[in-house]
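Right, one structure below, let's go through it.
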Amino acid sequence: QVQLVESGGGSVQAGGSLRLSCAASGVSFGTSCGGWFRRAPGKEREAVATLDIYGGTYYADSVKERFTISKDSAKNTLYLQMNSLKPEDTARYYCASLATYTCDSTSARSYNYWGQGTQVTVSS
C-alpha cells in the first residue's frame with residue numbers, strides 16, 4: 001500500500017519561508033519521479049516542482065529562484081523549501097509520485113499516487 005504523507009504547511013507572512021515534507025511508504029523516490037503540486041481556491045491543480053531519480057528538476061515559472069525541491073533517499077522523503085513566499089502562493093500543496101525514472105509530465109493526471117495535501121497560507 002502506497003502512502004504519501006505531507007507535513008510542514010502553515011500560515012506565514014509574505015517574505016517568510018516554509019519547508020514541506022512528504023514521507024513515502026510503498027513507493028521509493030529512488031526509483032520514481034516525485035513532484036509537488038498545488039491547488040488554489042477556484043484554480044486547477046498545477047505542478048510546482050518535480051525531481052527525477054537523476055536529479056533533474058522542473059520548476060513552475062512562478063516559483064523559480066524561490067522554491068527548491070530535494071529528497072533524502074535514506075528517509076524516502078521529498079522536500080519543498082519555499083522562500084520569499086507571496087500571497088499568491090496560498091494553496092493546498094500535494095505530494096505526488098510518478099512511476100517513471102524521469103518526470104515526463106507535469107500534468108496531474110499522469111501521477112500515480114497522491115498525498116492528502118497540506119495547507120499553505122501567506123498573508124500580506
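Owing to the predicted nature of the structure, the values given are computational and were not obtained by experimental measurement.
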Open item on the list: Same cluster or not: Phe37 versus Leu78, using hydrophobic residues (I, L, V, M, F, W, Y) connected whenever any side-chain heavy atoms lie under 4.5 Å apart?
Closed with: no
Open item on the list: The test is side-chain contact (heavy atoms from CB on, under 4.5 Å); show your working for Leu85 and Leu18 and say whether it passes.
Closed with: CA-CA 8 Å; Leu85 283 160; Leu18 285 172; 4.1 Å; yes
Task: Interatomic distance, Tyr101 atom OH to Cys33 atom SG [nearest 0.5 angstrom] - done: 13.0 Å
Open item on the list: I need the Ser25 OG to Gln3 CD distance, nearest 0.5 Å.
Closed with: 4.5 Å
Task: Short side-chain donor-acceptor distance under 3.5 Å, Thr77 and Asp72 - done: no
Task: Distance (rounded to the nearest 0.5 Å) between Arg19 CZ and Tyr79 OH - done: 5.0 Å
- [ ] Check whether any side-chain N or O of Asn112 sits under 3.5 Å from a backbone N or O of Ala99 as a donor-acceptor pair, and report yes or no.
- [x] yes
Task: Exercise: identify the closest heavy-atom pair between Pro87 and Ala14 - done: CD-CB, 4.1 Å
- [ ] Output yes when a side-chain donor or acceptor of Thr90 lies under 3.5 Å from a complementary backbone atom of Val122, and no otherwise.
- [x] yes
Open item on the list: Membership question, hydrophobic clusters at under 4.5 Å side-chain separation (ILVMFWY): are Trp114 and Leu80 in the same one?
Closed with: no
- [ ] Verify, without hydrogens or angle tests, whether Arg92 (side chain) and Gln116 (backbone) share a donor-acceptor contact under 3.5 angstrom.
- [x] yes
Task: Short side-chain to backbone donor-acceptor contact, Tyr58 and Asp52, under 3.5 Å - done: no
Task: For Phe29, the option from Ile53, Leu51, Leu4 that meets side-chain contact (heavy atoms from CB on, under 4.5 Å) - done: Leu4
Task: Within-4.5 Å side-chain heavy-atom neighbours: Gln81 and Ser70 - done: no
- [ ] Report the relative orientation of the aromatic rings in Phe67 and Tyr93; use parallel for angles under 30°, tilted for 30 to 60°, perpendicular for over 60°.
- [x] tilted
Task: Close side-chain approach of Arg45 and Tyr111, heavy atoms under 4.5 Å - done: no
Open item on the list: What I want to find out is whether Arg38 reaches Glu46 closely enough, with some N-O distance under 4.0 Å, to be called a salt bridge.
Closed with: yes
Open item on the list: Starting from Val27, can I reach Leu20 by hopping between I/L/V/M/F/W/Y residues whose side chains sit under 4.5 Å apart?
Closed with: yes
Open item on the list: Just so I know, are the side chains of Ser7 and Thr118 near enough to count as touching, which here means a heavy-atom distance under 4.5 Å?
Closed with: no
Task: Asp89 bridged to Lys86 by N-O distance under 4.0 Å - done: no
- [ ] Evaluate the side-chain contact (heavy atoms from CB on, under 4.5 Å) criterion for residues Glu6 and Trp36: first the C-alpha distance (whole Å), next the side-chain angles of each, then the deciding distance (0.1 Å), finally the verdict.
- [x] CA-CA 10 Å; Glu6 302 98 332; Trp36 287 97; 3.8 Å; yes
Open item on the list: Quick check on the hydrophobic clustering: are Val12 and Val48 connected, directly or via other members, by side-chain heavy-atom contacts under 4.5 Å?
Closed with: yes
Task: Non-hydrogen atoms of Leu98 and Cys103 that approach each other most closely - done: CD2-CA, 4.4 Å
Task: Partner set under side-chain hydrogen bond (donor to acceptor under 3.5 Å, both in side chains) for Tyr94, not counting sequence neighbours - done: none
- [ ] Tell me, yes or no, whether the heavy-atom count around Tyr113 atom OH, taken from other residues, nucleotides or ligands under 6.0 Å, exceeds 12.
- [x] no
- [ ] Mind checking the NZ-OG spacing from Lys75 to Ser73? Nearest 0.5 Å is all I need.
- [x] 12.0 Å
